[in-house]
Student: 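One structure coming up, written as structure tokens, with questions to follow.
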Number of protein chains: 2
Amino acid sequence: MMRTRTMSGGGAGRESGSTAGLALSRSRQDYLKALLQLADRSPAPVTALARHLGVSAPSVTHMLARLADERLVSLHHRGAARLTPEGSRQALRIVRRHRILETFLVRALGLDWSDVHEDAEVLEHHVSERVLDALDRFMKHPTEDPHGHPIPDARGRVARRALAPIGELPAGARAVVREIRDRDRARMTRWKQAGLVPGAQLVIRAANRDDDVYEIEVAGRRLVTGSEGLDGVLVQRVGRRAT
Amino acid sequence: MMRTRTMSGGGAGRESGSTAGLALSRSRQDYLKALLQLADRSPAPVTALARHLGVSAPSVTHMLARLADERLVSLHHRGAARLTPEGSRQALRIVRRHRILETFLVRALGLDWSDVHEDAEVLEHHVSERVLDALDRFMKHPTEDPHGHPIPDARGRVARRALAPIGELPAGARAVVREIRDRDRARMTRWKQAGLVPGAQLVIRAANRDDDVYEIEVAGRRLVTGSEGLDGVLVQRVGRRAT
DNA sequence: CCCCGATATTAGCCTTGACTAATCCTCAAG
DNA sequence: CTTGAGGATTAGTCAAGGCTAATATCGGGG
């Protein structure tokens, strides 16, 4: 089953266009990154990938078939896909690039925390290994990006941490913000203005899960909010012992 | 004459793929840059462009037709082309990007002078205006890149300078190296090792144009060489009054 | 048991940019 | 005047990635 096209073709054989060392086209890199996020526990369905990547479902099916041919993903029940070990390695290399770039843009160039994602998203596909290493060196080998995400090391290892969404803490808990998940600039900016930034300490004053009302004290200020989006703020409990 | 295809097509209308603000595909940007270099005085012939860009002549003809449709180049006798004012503006924007990037890679990241061209060549197409401005700011608005080329300002203005190839100087002349033209890493490295870098002072000890032998004193050292390539070293005479 | 609705896939196209092969000009030398 | 050598151009393809429209296919309700 599946086409097994040789992809060598006749005369030309252009390279895929300056994808900076990795022999993967930009599109492939994006698919692998998406899979890293979406197929974390179980295989990601075609539709979810399509939504995430902003392309049509048939495009996803098609590309997944090619990636499977290239042994970068494995296909599962009803088209769902996940990364092979090799695909995972590649995806982590891209994530590393992304996070180093974000760190650079914020720390060195002084760009805004919540703006920087788009730029990194583009540059991650085009920065050569040499420049990437130089950036890394320039910043003294950072281990976290500006949102608090761990930066994979050059071999793709990520420090695993046990973090919880803010909404899961009981009233009275103390915690430190560790990670802010992107994907929605507006929300990120709101949190930032509320003081919810990596490193900030907070106390849950009240958590009413039924009515979806949370009252949090951050950096001395009170913040009352629904949970909408609060799941993007990952914290580490302190003070009391862990759940 | 010429096709006048509407290029709107049917359903989709993808954008051209992250070309950082300018609405020009990467390929178009490369063509414009090539024209800026090759069609400086007279229109550049198709073959010269093809050689410069590493593509076939038909590809050039084809692309020039499209660029002409878009009013970025004007076509002349026997297919030769030159930039329109608008094309020129665009090309200079790209050159500005390139030179700012090179300057950054050398000055801030400490990469090697003669290595940096390739990286800048790729990144110039993908760095957003925002990041470019930040880099420019970071380096305090440099006016020359590491090879001594002037960096166009944000509106495309370049400081015009009257420089001469080293081989044109008479024996006895004193001069300061101002610009090193790229395009051949090996030669650039040779010059660099010989001390021919922007800012270096030199004296022509002997210039025998007939036998193509030049003897130059740079930074205290003697350098005897043929002219091959010396035309890439542009200098400004000092001491005696200009020719 | 049949049909609906959500998903996935197949078919067929489009656009970009490049390629080769085959012409077509144009000019200069015999 | 003819021929030939260089360009330049036309014609026809290709590969990557995307898209739409039209099918499958699977999992439940009624």
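Atom set for the values below is all heavy atoms of this structure, side chains included, hydrogens, waters and symmetry mates excluded. As the structure is a prediction and not an experimental result, all values here were calculated from the model.
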Student: What's B/Thr47 touching, base or sugar-phosphate or nothing? Going by heavy atoms closer than 4.0 Å.
Tutor: sugar-phosphate
Student: Let me know which of B/Lys33, B/Arg82, B/His52 forms a side-chain contact (heavy atoms from CB on, under 4.5 Å) with B/Leu38.
Tutor: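 One option only clears the test, and that one is B/His52.
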Student: Rounded to the nearest angstrom, tell me the gap between atom CD in B/Glu70 and atom P in C/dG17.
Tutor: 9 Å
Student: In terms of side-chain heavy atoms, does B/His126 have a donor or acceptor partner in A/His125 at a distance below 3.5 Å?
Tutor: no
Student: Which residues pass the side chain to side chain contact (heavy atoms under 4.5 Å, CB included) test with A/Thr143, sequence neighbours left out?
Tutor: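 A/Thr143: no side chain to side chain contact (heavy atoms under 4.5 Å, CB included) contacts found.
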Student: At less than 4.0 Å, is any side-chain N or O atom of A/Ser59 found next to OP1 or OP2 of D/dG17? Yes or no.
Tutor: no
Student: Using 30° and 60° as the class limits, which term best fits the ring planes of A/Phe104 and A/Phe138: parallel, tilted or perpendicular?
Tutor: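 Answer is perpendicular, since the angle exceeds 60°.
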Student: Is any side-chain N or O of B/Arg66 closer than 4.0 Å to OP1 or OP2 of C/dG17?
Tutor: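 Checking C/dG17 against B/Arg66, a side-chain N or O does come within under 4.0 Å of OP1 or OP2.
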Student: Please give, in whole Å, the distance from D/dA8 P to B/Met63 CE?
Tutor: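 Taking atom P of D/dA8 as the reference, CE of B/Met63 is at 17 Å.
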Student: Write down the distance between CZ (B/Arg28) and P (C/dT16), rounded to a whole number of angstrom.
Tutor: 7 Å
Student: From NE2 of A/His62 over to P of C/dT9, roughly how many Å is that when rounded to an integer?
Tutor: 12 Å
Student: Would you please name every residue forming a salt bridge (Lys or Arg N to Asp or Glu O under 4.0 Å) with A/Asp153, sequence neighbours left out?
Tutor: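 A/Asp153 satisfies salt bridge (Lys or Arg N to Asp or Glu O under 4.0 Å) with no other residue.
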Student: I want to verify a distance call: between C/dT16, D/dC19, D/dG18, whose nearest atom is closest to the A/Ser56 side chain?
Tutor: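 So the side chain of A/Ser56 is nearest to D/dC19.
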Student: Please list, chain by chain and in numerical order, all residues satisfying salt bridge (Lys or Arg N to Asp or Glu O under 4.0 Å) with A/Asp112, sequence neighbours excluded.
Tutor: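 Partners of A/Asp112 under the salt bridge (Lys or Arg N to Asp or Glu O under 4.0 Å) test: A/Lys192.
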Student: Rounded to whole Å, how long is the line connecting atom CG of A/Leu49 with atom C1' of C/dT9?
Tutor: 15 Å
Student: If you check every side-chain atom of A/Thr61, which of C/dG17, C/dT20, C/dT9 has the closest atom?
Tutor: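 In terms of side-chain proximity for A/Thr61, the closest of C/dG17, C/dT20, C/dT9 is C/dT9.
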Student: More than 12 foreign heavy atoms under 6.0 Å from CZ of A/Arg157: is that the case here?
Tutor: no
Student: In degrees, rounded to 10°, what is the bend between the two ends of the helix from C/dC1-D/dG30 to C/dG30-D/dC1, using five pairs at each?
Tutor: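 Helix axis angle between the two ends: 40°.
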Student: Is there a donor-acceptor contact under 3.5 Å linking the side chains of A/Asp119 and B/Ser128?
Tutor: yes
Student: Rounded to the Å, how far apart are A/Asp30 CG and D/dA16 C1'?
Tutor: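 Answer to the nearest Å: 14 Å.
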Student: Decide side chain to side chain donor-acceptor pair (under 3.5 Å) for A/His149 and A/Glu144; before the verdict, give the C-alpha distance in whole Å, the side-chain angles of both, and the deciding distance to 0.1 Å.
Tutor: CA-CA 5 Å; A/His149 301 130; A/Glu144 281 187 7; over 6 Å; no
Student: Please state how far atom NE2 in B/His125 lies from atom P in C/dG17, giving the value in whole angstrom units.
Tutor: 12 Å
Student: Picking from D/dT9, D/dG17, C/dG17, which would you name as closest to the side chain of B/Ala57?
Tutor: D/dT9
Student: Base, sugar-phosphate, or nothing for A/Ser27, non-hydrogen atoms under 4.0 angstrom?
Tutor: sugar-phosphate
Student: Pairs under 3.5 angstrom, nitrogen or oxygen only, protein versus nucleotides 22-26 of chain C, please.
Tutor:
| unit_1 | atom_1 | unit_2 | atom_2 | d |
| --- | --- | --- | --- | --- |
| C/dT26 | O4' | B/Arg78 | NH1 | 3.4 |

Student: I want to confirm an ordering. Mapping B/Ala44 and A/Gly54 to their closest nucleotides on DNA chain D, which one lands closer to the 5' end?
Tutor: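 Mapping each residue to its closest nucleotide by heavy atoms, the 5'-most match is B/Ala44.
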Student: Under the side chain to side chain contact (heavy atoms under 4.5 Å, CB included) test, which residues partner B/Val55, sequence neighbours left out?
Tutor: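 By the side chain to side chain contact (heavy atoms under 4.5 Å, CB included) rule, B/Val55 matches B/Tyr31, B/Leu53, B/Ser59, B/Val60.
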Student: Atom OH of A/Tyr31 to atom P of D/dG17: distance rounded to whole Å?
Tutor: 9 Å
